[in-house]
Chemist: 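What follows is a structure written as C-alpha cells; I'll ask about it next.
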Amino acid sequence: MLAPVILAASRSDQMRRFVSAAPGTKQVVQRFIPGESVDEVVAVVVDAVDKGLEVTLDVVGEDITTREQAAAARDAYLELIAHLKDLGLGTKAEMSVKLSMFGQALEGGHELALANVRPVVEAAAAIGTTVTLDAEDHTTLDSMFAIHEELRKDFPQTGCVIQAYLFRTEADARRLAANGSRVRIVKGAYKEPASEAYQDEAEIDKAYVRILKILMYGEGYPMIGSHDPRLIAIGQELARRAGRKLDEYEFQMLYGIRSEEHLRLAAEGHRMRVYTAYGTDWYGYFMRRLAEKPANLLFFVRSMITKN
C-alpha cells in the first residue's frame, strides 16, 4: 500500500525539498547511488569488473525543462563514454538512458530526444558498447519505441526496456523478440492507472513470467531485470528449456541491492550486469527504489531517526 504514496511523492517538489534536507538521506542515497561524479562512478565500474561483473550506467535526472538541460544531459553521457574509452572498459559497461533527460517532454520533444541520444549511441558503439533506452511512464512509450526502432537501423545492438505490469507489454515483447533486439524486462516502477497496468503484485509476477517466456523463446537477447529469487530461478529454467547458452541472456540488478547475489550468479558463469546510477539529480530515482521494496523505506526511516 505504501508504494503508490511513495511514487506520488517522487513527483512532489515539496517532498523533494524535505527528503533532500533530512539528516539520514545522504547515508541511504549512497546505498543506491555510489557517487555524483564520473570519476566516482568509474571507480565503481573498475571494482565491479574486477569481481567478474558487468555494468550499465545511468546519469540520473529526469525533470528537464529546457533544451539547454537536454544538451547538458547528452554531454554528460559523452563525457562518461570518453572516460570508459580511456580505461578500456567499453566492452564491460554499457549506458542506460531515459529519453526524458534528452528533452522528450519538451515541444518537438520526440525529434529533440532522437537528435540528442543519437551521438551517445554512436559514441558508445565506437568504444565497443551500446545503449539501452529505459522505459518511463506509459505516456512516453510510443515515442521511446519509435526512437528505438530508428536507432536500430544503424545500431542494431541498441536495447530497450519493457515493463511487466503494463497490459500492452506482451504485445511489445512479441514484436521485439521477433526483431532480435536486446530487451530488459522489469516489473515496473512508475505509478500507473488501473486502466493501463496490473495493480496486484501476483498478477504482475504472472505477467513477468509470461513475457520472459516470450523473450527466451524469441530471437532477441533477454536481460532479466529482477531481484526476486523466484523469478531469477524461473529465468534460469526458461533459458535452459529454450536451449540458450550462458552468453545468450543476462541478469541485471540494481547497485546496492542483493550484492551477494550478483557475485553468486557471476560465479556460476552467468552474465551479471549491475545497474549503477550516479549524478546530483538523484531524487526521482531514489524514491522509486524506496517504493520497490518496503525494507528500503524502513532503512531510510531508521537512518533518519538515528541521525536525529
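All values reported here derive from a predicted model rather than from experimental measurement.
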Chemist: Answer whether the closest heavy-atom distance between the side chains of Glu54 and Val274 falls below 4.5 Å.
Modeler: no
Chemist: Quick one: OG1 on Thr66 to CD on Glu68, what's the gap to the nearest 0.5 Å?
Modeler: 4.5 Å
Chemist: With rounding to the nearest 0.5 angstrom, report the CD to CG distance, Gln104 to Leu99.
Modeler: 5.0 Å
Chemist: Is there a path of hydrophobic side-chain contacts, each under 4.5 Å between heavy atoms of I, L, V, M, F, W or Y residues, that connects Ile211 with Met223?
Modeler: no
Chemist: Looking at Thr132, Leu53, Thr56, which hits side chain to side chain contact (heavy atoms under 4.5 Å, CB included) with Arg273?
Modeler: Thr56
Chemist: If you take all heavy atoms of Gly235 and Leu212, which pair is closest and at what distance?
Modeler: CA-CD2, 3.7 Å
Chemist: Could you tell me whether the side chain of Tyr208 reaches within less than 4.5 Å of the side chain of Lys213, counting heavy atoms only?
Modeler: no
Chemist: With side chain to side chain contact (heavy atoms under 4.5 Å, CB included) as the test, would you mind laying out the steps for Leu265 and Ile232 before giving the verdict?
Modeler: CA-CA 10 Å; Leu265 288 168; Ile232 291 168; 4.2 Å; yes
Chemist: For the residue pair Tyr221 / Arg271, report whether a side-chain donor-acceptor contact shorter than 3.5 Å exists.
Modeler: yes
Chemist: Got Tyr77 and Asp58 here, is their nearest side-chain heavy-atom distance under 4.5 Å?
Modeler: yes
Chemist: For the OH atom of Tyr165 and the CD1 atom of Ile204, what is their distance to the nearest 0.5 Å?
Modeler: 8.0 Å
Chemist: Answer yes or no: is there an ion pair linking Glu201 with Lys187, defined by an N-O contact shorter than 4.0 Å?
Modeler: yes
Chemist: Does atom CD (Glu149) have a neighbourhood of more than 12 heavy atoms from anything else shown, all under 6.0 Å?
Modeler: no
Chemist: Quick check: closest heavy atoms across Ala76 and Val59, and the distance to 0.1 Å?
Modeler: CB-CG1, 4.2 Å
Chemist: Between Lys245 and Glu248, does at least one N-O distance fall below 4.0 Å, as a salt bridge requires?
Modeler: no
Chemist: Do the side chains of Lys206 and Glu203 get close enough for a salt bridge, i.e. N-O under 4.0 angstrom?
Modeler: yes
Chemist: Could you check if a side-chain atom of Pro34 sits within less than 4.5 angstrom of a side-chain atom of Thr276, using non-hydrogen atoms only?
Modeler: yes
Chemist: State plainly whether the residues Arg258 and Asp228 are in salt-bridge range, i.e. N to O under 4.0 Å.
Modeler: no
Chemist: Check Thr158 against Ser181 and note the closest heavy-atom contact, atom names and distance.
Modeler: O-CB, 4.5 Å
Chemist: Enter the distance from Asp137:CG to Met144:CE here, rounded to the nearest 0.5 Å.
Modeler: 11.0 Å
Chemist: Could you check whether any side-chain heavy atom of His83 comes within less than 4.5 Å of a side-chain heavy atom of Asp39, counting everything from C-beta outward?
Modeler: yes
Chemist: Can you tell me how far CD1 of Ile185 sits from CD1 of Ile224, rounded to the nearest 0.5 angstrom?
Modeler: 8.5 Å
Chemist: Ignoring hydrogens and geometry beyond distance, is a side-chain donor-acceptor pair present between His270 and Gln236 at under 3.5 Å?
Modeler: yes
Chemist: Residues two or more places apart in sequence or in another chain: which of them pass side-chain contact (heavy atoms from CB on, under 4.5 Å) with Gln157?
Modeler: Ala125, Thr130, Phe155, Arg182
Chemist: Decide whether Val186 and Val209 are clustered together by the hydrophobic rule: side chain heavy atoms of Ile, Leu, Val, Met, Phe, Trp, Tyr closer than 4.5 Å, transitively.
Modeler: no
Chemist: If you measure from OH on Tyr278 to CD on Glu40, what distance do you get to the nearest 0.5 Å?
Modeler: 10.5 Å
Chemist: Cation over ring, Arg184 on Tyr275, under 6.0 Å and within 45°?
Modeler: no
Chemist: For a 4.5 angstrom cut-off between non-hydrogen side-chain atoms, does Glu261 reach His227?
Modeler: no
Chemist: For residues Ala207 and Ala164, report the shortest heavy-atom separation together with the two atoms involved.
Modeler: CB-O, 3.5 Å
Chemist: Does Glu260 come within less than 4.0 Å of Arg264, counting only side-chain N to carboxylate O?
Modeler: no
Chemist: What's the shortest heavy-atom distance between Arg244 and Gly220, and which atoms?
Modeler: NH2-O, 3.0 Å
Chemist: Quick one: list whatever passes ring-ring contact (aromatic ring centres under 6.0 Å, His included) with Phe167, sequence neighbours left out.
Modeler: Tyr198
Chemist: Does any N or O in the side chain of Gln69 come within less than 3.5 Å of the main-chain N or O of Thr65, such that one atom is a donor and the other an acceptor?
Modeler: yes
Chemist: Let me check something: do Val183 and Met253 share a hydrophobic cluster, defined by ILVMFWY side-chain heavy atoms less than 4.5 Å apart, either directly or through other members?
Modeler: yes
Chemist: At their closest point, which heavy atom of Gln163 faces which heavy atom of Gly188, and how far apart are they?
Modeler: OE1-CA, 4.0 Å
Chemist: Could you tell me whether the side chain of Ile257 reaches within less than 4.5 Å of the side chain of Phe32, counting heavy atoms only?
Modeler: yes
Chemist: With side chains defined as the heavy atoms from C-beta onward, is the minimum distance between Val161 and Leu133 less than 4.5 Å?
Modeler: no
